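Predicted, not measured: the structure shown is a model, and the values here were computed from it.
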Amino acid sequence: PTPHSAANHPSAASPTSVDTTPSPRRGLPILRCRDVTVSGRLPRPVTLTLDGGDRLLVTGPNGAGKSTLLAILAKQLAPSTGEVRHLSQARVAYLGQEVPAWPATALAFEVYEQHVGRLRSAGRLGDGDPLPLTATGLLDKEALRTPVGRMSLGQQRRLDLALRLAERPDLLILDEPTNHLSAPLVDDLTAALLETPAAIVVATHDRLMLVDLAAWPTLHLSAEDTGSTEQPPGNARKARVTHPTVGPPGARPGAVGIT
């Protein structure tokens, strides 16, 4: 393959936060993905490199394999060929398009606390690590004490995002993060993504988010399974090098760096 570089609004006073704490991993290896494919879903091999603080926007029509690729990167789906490695004990958080099957009677804050407890038990968080649920600005006080079975899709989506942020990830992988979110919250989320020190991978169809993230290195997957990549404009070349690649086996190697 040819290497290339790569929510309803709770309150106007509580903008969404993706504060993952300034990461000492900036510039350090986070993820290595080599020649991954999935039979019938992602036939063309994809290779990419993500380091701390990198950005990658994944685009393409429905059926092109965007969700499949993001699930592979998050190790939620095993590839048919190739491999994905998470390096340097990196924390990787993944927001899929569907919310988890939470107990319908559990309150939102209970779901959050149970999630944090599981992270701690697994050694993925220390006592002082998790981002407080109220600090995200994603749910108001009433929603925090609402059974998840009675929450709207937008509220459930915001809760799921809050759980991912609780992990203070080094890499945040977001599949259509604007689904069921209001325009004001999408604006807040986009602003937070632009500022966070975490590495970010986003797949989206949202037109405004695509415009706002247009400076990011882009990996475009086509419905014909012939991937292509696009470089950001010259005046936006400030990100650490990202190397998404996609193409048929045997393609001539090359590299494009963004500094």
Side-chain angles (χ1 to χ4, degrees), residues 7-23 67 70 74 76 91-122 124-206 208-209 212-213:
N8 299 334
H9 200 12
S11 111
S14 301
T16 303
S17 170
V18 187
D19 175 14
T20 56
T21 301
S23 175
S67 294
L70 265 61
Q76 299 295 309
R91 295 175 180 173
V92 179
Y94 169 65
L95 181 76
Q97 292 195 37
E98 303 296 331
V99 298
W102 298 304
T105 58
L107 304 183
F109 82 90
E110 294 174 336
V111 171
Y112 178 87
E113 290 179 350
Q114 290 166 6
H115 178 71
V116 169
R118 288 192 294 270
L119 293 173
R120 284 175 172 156
S121 296
R124 296 180 59 187
L125 283 179
D127 290 340
D129 281 345
L131 182 70
L133 181 53
T134 54
T136 66
L138 288 165
L139 295 170
D140 58 24
K141 292 182 179 180
E142 181 179 354
L144 292 177
R145 296 190 173 276
T146 299
V148 293
R150 292 171 48 195
M151 297 175 78
S152 68
L153 283 176
Q155 288 175 320
Q156 291 181 8
R157 185 71 167 168
R158 295 200 302 270
L159 175 59
D160 195 16
L161 178 57
L163 300 187
R164 306 314 133 206
L165 299 180
E167 303 173 31
R168 292 198 183 272
D170 300 299
L171 169 60
L172 184 58
I173 300 173
L174 304 173
D175 190 1
E176 298 294 347
T178 64
N179 283 358
H180 308 297
L181 302 188
S182 69
L185 188 54
V186 170
D187 290 342
D188 285 346
L189 176 60
T190 302
L193 293 178
L194 291 170
E195 296 176 0
T196 178
I200 305 287
V201 176
V202 174
T204 184
H205 284 101
D206 187 277
L208 290 179
M209 180 168 276
D212 290 336
L213 304 184

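Contact record, Pro177 with Met209: CG-SD, 4.1 Å, taken as the closest heavy-atom pair. A pairwise comparison of heavy atoms in Gln76 and Tyr94 identifies CG-CD2, 3.5 Å as the closest pair.
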Checklist entry - Do Leu208 and Thr178 pass the side chain to side chain contact (heavy atoms under 4.5 Å, CB included) test, and can you show the C-alpha distance, the side-chain angles, and the key distance before you say yes or no? => result CA-CA 10 Å; Leu208 290 179; Thr178 64; over 6 Å; no

Item to check | Residues Leu189, Leu161; criterion side chain to side chain contact (heavy atoms under 4.5 Å, CB included); working and verdict | outcome: CA-CA 10 Å; Leu189 176 60; Leu161 178 57; 4.0 Å; yes

Item to check | side chain to side chain contact (heavy atoms under 4.5 Å, CB included) between Leu153 and Gln156, worked out | outcome: CA-CA 5 Å; Leu153 283 176; Gln156 291 181 8; 4.2 Å; yes

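Note: Asp175 CG to Thr204 OG1 = 9.0 Å, rounded to the nearest 0.5 Å. In this structure, NE2 in His115 is found 10.0 Å from CH2 in Trp102, a value given to the nearest 0.5 Å. From Glu195, atom CD reaches atom OG1 of Thr190 across 11.0 Å, with rounding to the nearest 0.5 Å. Distance check: His180 NE2 to Leu185 CG gives 13.0 Å after rounding to the nearest 0.5 Å.
In summary, of the residues considered (Arg118, Arg124, Arg91), a salt bridge (charged side-chain N to carboxylate O under 4.0 Å, His left out) with Glu167 occurs for Arg124 alone. When Val99, Leu133, Val111 are each tested for a side chain to side chain contact (heavy atoms under 4.5 Å, CB included) with Leu163, only one passes: Val111.
Without hydrogens or angle criteria, Gln155 side chain to Leu139 main chain gives no donor-acceptor distance under 3.5 Å.
Within the 4.5 Å cutoff, the side chain of Arg157 has heavy atoms near those of the Leu95 side chain. Considering only heavy atoms from C-beta on, Thr196 stays 4.5 Å or farther from Leu172 through its side chain. With contacts defined as side-chain heavy-atom distances shorter than 4.5 Å, the pair Phe109/Arg145 qualifies.
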